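Notes follow once the structure below has been shown.
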There are 2 protein chains.
Amino acid sequence: MPAEAPHDHSPSAAIAAAEQLCATRGQNLTELRRSVLRIICAAERPIGAYAILDQLRSEGRSGAPPTVYRTLDFLLEQGLVHRLASLNAFVACCDPAERHGGQFLICEACGRVGELNSARVEATIVEEAAAVRFAVSAQTVEVLGRCAACLRLPAGPSA
Amino acid sequence: MPAEAPHDHSPSAAIAAAEQLCATRGQNLTELRRSVLRIICAAERPIGAYAILDQLRSEGRSGAPPTVYRTLDFLLEQGLVHRLASLNAFVACCDPAERHGGQFLICEACGRVGELNSARVEATIVEEAAAVRFAVSAQTVEVLGRCAACLRLPAGPSA
DNA sequence: ACAGTTACGTTACTGTATAACATCCCCTGC
DNA sequence: GCAGGGGATGTTATACAGTAACGTAACTGT
Ligand SMILES: [Zn+2]
Ligand SMILES: [Zn+2]
Ligand SMILES: [Zn+2]
Ligand SMILES: [Zn+2]
């Protein structure tokens, strides 16, 4: 949607990329972790931890909350997914190879989320904070609005 | 802390200002709402809904979660407090007369929160979003770091 | 065999937030 | 006075988010 190309939501492609990344990092992308990543990718929208858990169970896995949260911790550490603080939900990263803090565009019509990873926004925040002698260590930028697709269709598509 | 003067945390001043605002808007700043606002102001740090509830009860009020959340909804609508999504907590607004989306500087040493209501940051976000044809309606900017006071004292003050 | 590490299972719990319904109170029209 | 309505609050129950603590299974290298 943003600077990034329109986010290849195809789970298989994302999984393959993740596989690559983990391999080069010596990390173990287990079956469970792969499943959770696939579920998040397939959702195409932010998805809550308990919704992930439900899907895991419906796939025959056992599972309890810690199962999901531990797995999410791993995926977050590897930069494969992001957490949206304003939604208490998770999305797949559209460019995990490039480590980045999170700037997100959340469409209030269709619920989809794109990444706006603007160096200009980040720098502006750091500068403006510095002006009041505040030293930035991490940023949370979550922007609500309407995405390009939903702007074209005034009656918001929900798909 | 920021562009705003160091935020008059005196609860009585904030209450008086709120009283004013609600009066001119024809809104009803009831005893309960006043109490919750006073508790939030007195906290000087972000405070969670259940901590507010505890304080209400310790003041003799009855109360259950909906009591607090409904009251917070009112205060949020009136722009008297802000919600910090990244902390699930609430702070008093330092300038309720001027409606603004939230940009916050959260000190990870002392826990205090200042408002960075930078028009430049806001404009940059809008511009960068527009570049990918995303129309912004609301922003959440929560910046973690160290405030001026805590930068001076390397061993972070917790007061 | 042994200890160490990594991942996962399981139970139990805390914290955050909302739904749904009942009550009280004040105001207005009759 | 007394319906009736709207705003504010009380009350109960429950859903959703996140973590602590402990147990187990499998793979590692020695
Ligand atoms: Zn990303
Ligand atoms: Zn949309
Ligand atoms: Zn404010
Ligand atoms: Zn500080």
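These numbers come from a predicted model, not from an experiment. In the text below, chain A, chain B and the rest are named by the order of the sequence lines, each starting its count at 1.
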What I want to check is whether an N or O donor and acceptor connect the side chain of A:Arg61 with the base of C:dG9 at under 3.5 Å. no
Would you say the side-chain atoms of A:Arg45 pair up with the backbone N or O of A:Cys110, donor to acceptor, closer than 3.5 Å? yes
Do you know which two heavy atoms are closest between A:Leu151 and B:Arg133, and how far apart they sit? CD1-O, 3.7 Å
Ignoring hydrogens and angles, write down the donor-acceptor pairs under 3.5 Å from the side chains of residues 71-79 of chain B, residues two or more places apart or on other chains.
unit_1, atom_1, unit_2, atom_2, d
B:Thr71, OG1, B:Thr67, O, 2.7
B:Gln78, OE1, B:Arg25, NH1, 3.0

Would you check if there is a donor-acceptor pair between the side chains of A:Glu115 and A:His100 at a distance under 3.5 Å? yes
Can you check the B:Phe74 CZ to D:dG7 P distance for me, whole Å? 13 Å
How long is the line joining CG of B:Leu72 and P of C:dG15, in whole Å? 17 Å
Among C:dA12, C:dT18, D:dG10, which nucleotide has an atom closest to any side-chain atom of B:Pro65? C:dT18
Under 3.5 Å: donor-acceptor pair, side chain of B:Arg33, backbone of B:Asn28: yes
Can you tell me the distance, in whole Å, between the CD atom of A:Glu31 and the P atom of C:dC8? 10 Å
Determine: side-chain N/O of A:Thr30 to OP1/OP2 of C:dA7, distance under 4.0 Å, yes or no. no
5'-most by nearest nucleotide on DNA chain D - A:Pro66 or B:Gln27: B:Gln27
Any side-chain donor-acceptor pair under 3.5 Å between A:Ser118 and B:Glu128? yes
Looking at every non-hydrogen atom in both residues, tell me the closest pair between A:Gly63 and A:Leu53 and how far apart they are. C-CD1, 3.9 Å
Nearest-neighbour nucleotide for the A:Arg33 side chain, D:dG18, C:dA17, C:dC8 considered: C:dC8
Can you check the B:Tyr69 OH to D:dA8 P distance for me, whole Å? 21 Å
Which nucleotide in D:dG10, C:dT10, D:dG18 has an atom nearest any side-chain atom of B:Ser62: D:dG10
It should be established whether A:Asn88 places a side-chain nitrogen or oxygen under 4.0 Å from OP1 or OP2 of nucleotide C:dT16. no
Within residues 49-57 of chain A, which residues have any heavy atom lying less than 4.0 Å from an atom of DNA chain C? none
Any donor-acceptor pair under 3.5 Å between the side chain of A:Arg70 and the base of D:dG18? no
Whole-Å distance separating the CG atom of A:Asp73 from the P atom of D:dA20: 10 Å
Provide, to the nearest angstrom, the distance between the CD atom belonging to A:Gln78 and the C1' atom belonging to C:dT6. 14 Å
With a non-hydrogen cut-off below 4.0 angstrom, is A:Thr67 in contact with a base, only sugar-phosphate, or nothing? base
Between B:Arg83 (CZ) and C:dG15 (C1'), how many Å, whole number? 13 Å
Distance in angstrom units between B:Asn28 CG and C:dC27 P, rounded: 10 Å
